[in-house]
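Step one of this worksheet: look at the structure below.
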Amino acid sequence: MEQSPSCLKLFGSWASSYTHRVQLALKLKGLEFEYMEEDLTNKSPSLLLYNHVYKKVPVLLHLDRPIVESVIILEYIDETWTDHPIMPIDPYERAIARFWCHFADDKLGPAAGAVFGSSGEDQKAAVCQVHENLKLIETELREGAFKGRRFFGGDKIGILDIVLGCGSYWLAVFNEVMEVKLVDSEAFPLFHAWLRDFEEQKEVKEIIPAIDTLLEYARGIRQMMLSLKDTTSSTTTTTTTAAATTAATNNSNNNLVIESGTSV
Amino acid sequence: MATAAKGVVLLDFWVSPFGQRCRIALAEKGVEYEYKEENLWDKSPLLLKANPVHKKIPVLIHEGNPICESLLIVQYIDEVWSNNPLLPSDPYERAQARFWADFVDKKVSECWTRLWKVKGEAQEEARKDMIEDLKLLEGELGDKQYFGGETFGFVDVAFVPLSAWFYTFETCGNFSVEKECPKLVAWAKRCMERESVSKSLHDPHKVYEYVCQLKKKLGVD
């Protein structure tokens with residue numbers, strides 16, 4: 001098993017929860033890697049080359065071959081280094097884990113982004129949407145697919161913990177910056193408890209930036225956004241939270257022509 | 001080789017390319033299943049129970065367990081029935097296949113949702129994006145027989161149902177897929193030689209007719 005730093009390189013951004021996902025997975029697997037911090041306002045030629053389709057972080061380079069899209073990277077890592085698995089073995093369990101990973105990226109992430117990118121009545125509506133999404137996850141924890149589990153992956157952190165966890169810390173940040181209550185410990189006790197437990201894990205603490213740094217960063221972005229006429233502008237939110245840019249376009253997924261669970 | 005699969009049900013809608021992905025995958029594996037046509041304007045209690053989060057088709061129900069989202073369903077089918085594998089065995093190749101299948105959803109399908117609903121400048125933008133995305137896919141196909149190389153694979157399953165929509169894209173967007181991406185058109189014809197594909201896809205004119213009716217119904221002109 002290759003574990004030398006020279007064969008693994010990660011292009012990322014310090015505030016990108018998508019990047020944190022990959023860092024966490026590599027850490028859980030005990031893999032050393034070289035990290036390249038990207039300035040998202042001035043992307044490196046390497047990043048643009050390795051991810052010529054989306055031009056985004058994270059990009060994992062393994063033996064000079066790029067893998068992009070965080071969830072795809074996570075599955076790649078799991079299939080290449082099979083110790084400390086993060087995906088379940090059973091096909092149905094795998095489908096469920098993937099489904100909720102998609103939910104995190106297609107629904108919860110954009111909903112949280114919409115809260116961050118709006119104010120007034122629009123923000124109230126966006127907060128409701130986040131609560132609707134958290135309610136669904138809470139239900140799965142209470143009586144559904146994840147009933148009785150400490151982590152979504154079972155006794156240990158799995159892919160869904162990584163995907164939901166690296167990103168959910170933004171909910172607490174938004175609580176502070178905008179004084180909105182997103183993760184209510186009374187309304188979502190199991191989700192709240194899981195998140196606290198996840199954030200206490202040694203590997204997670206080593207990856208997630210300090211809350212003060214995140215707060216300062218979020219306040220700065222929020223200030224900038226509010227000073228613009230269109231507060232849901234996609235260009236300014238790209239560098240912030242998971243999928244904030246797709247908040248507006250994801251609002252009407254009711255497409256009868258090509259129905260699918262994946263949002264388009 | 002037909003597999004006596006216990007209790008495989010597919011909740012679907014006849015023209016849905018997402019549903020067709022599942023039908024193609026099941027056919028490639030020789031899995032017998034019960035097809036249930038849903039009325040999307042009056043969804044069945046079974047569908048609402050099987051997919052309470054999105055309430056959408058397709059849903060595969062296997063031995064009572066519901067699996068939602070077409071690409072997840074195809075991966076599930078590939079993992080449960082291991083004959084005629086759709087995903088490659090090499091992790092890097094698998095990552096590439098997942099990337100391009102996801103690209104079809106993130107980009108091509110997204111363009112389509114704009115193309116048929118908007119007019120003027122917005123539609124022109126959607127048209128440009130659609131052509132750009134199709135060209136990227138054509139670039140990935142290259143001179144290979146299939147996206148999967150010599151064998152029909154995951155990306156082929158993900159994308160081929162949309163080939164029945166090329167005529168609709170062209171008519172709504174006022175461009176020619178053949179002119180812009182001739183290799184894609186040739187690839188689609190090759191795929192149609194497979195029974196799993198030809199039996200799952202509908203005639204492009206029928207698809208277009210459906211979209212015209214839908215536009216009228218929704219008051220989109």
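In what follows, chains carry the letters A, B, and so on, assigned in the order in which the sequence lines appear, proteins first and then strands, with residues in each chain numbered from 1. Hydrogens, waters and symmetry mates are skipped; everything else that's a heavy atom, side chains included, is used.
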Residue [X] versus chain A: region with a heavy atom under 4.5 Å:
{"X": "Asp133(B)", "answer": "neither"}
{"X": "Arg98(B)", "answer": "both"}
{"X": "Pro52(B)", "answer": "neither"}

* Residue Lys206(B) excluded, over 12 heavy atoms near NZ under 6.0 Å -> no
* Choice from Gln75(B), Arg114(B), Gln96(B) maximising heavy atom contacts with chain A below 4.5 Å -> Gln75(B)
* Asked: What residue, out of Leu72(B), Asn65(B), Val207(B), has the most heavy-atom pairs lying under 4.5 Å from chain A?
  -> Asn65(B)
* Asked: Checking heavy atoms, do the side chain of Arg98(A), its backbone, both or neither come under 4.5 Å from chain B?
  -> both
* Val71(A), part contacting chain B, at a heavy-atom distance under 4.5 Å -> neither
* So which of Leu31(A), Ile67(A), Leu10(A) actually passes side chain to side chain contact (heavy atoms under 4.5 Å, CB included) with His62(A)? -> Ile67(A)
* To do: In sequence, state the C-alpha distance, the side-chain angles, and the governing distance for Lys29(A) and Asp83(A), and then conclude on side chain to side chain contact (heavy atoms under 4.5 Å, CB included).
  => CA-CA 7 Å; Lys29(A) 297 273 187 178; Asp83(A) 286 345; 5.6 Å; no
* To do: If the plane angle is over 60° it's perpendicular, under 30° parallel, otherwise tilted; pick one for Phe169(B) and Phe166(B).
  => tilted
* Under 3.5 Å donor-acceptor, Glu138(A) side chain and Phe191(A) backbone -> yes
* Structure fact -> So SG of Cys172(B) and CD of Gln123(B): to nearest 0.5 Å the spacing works out to 7.0 Å
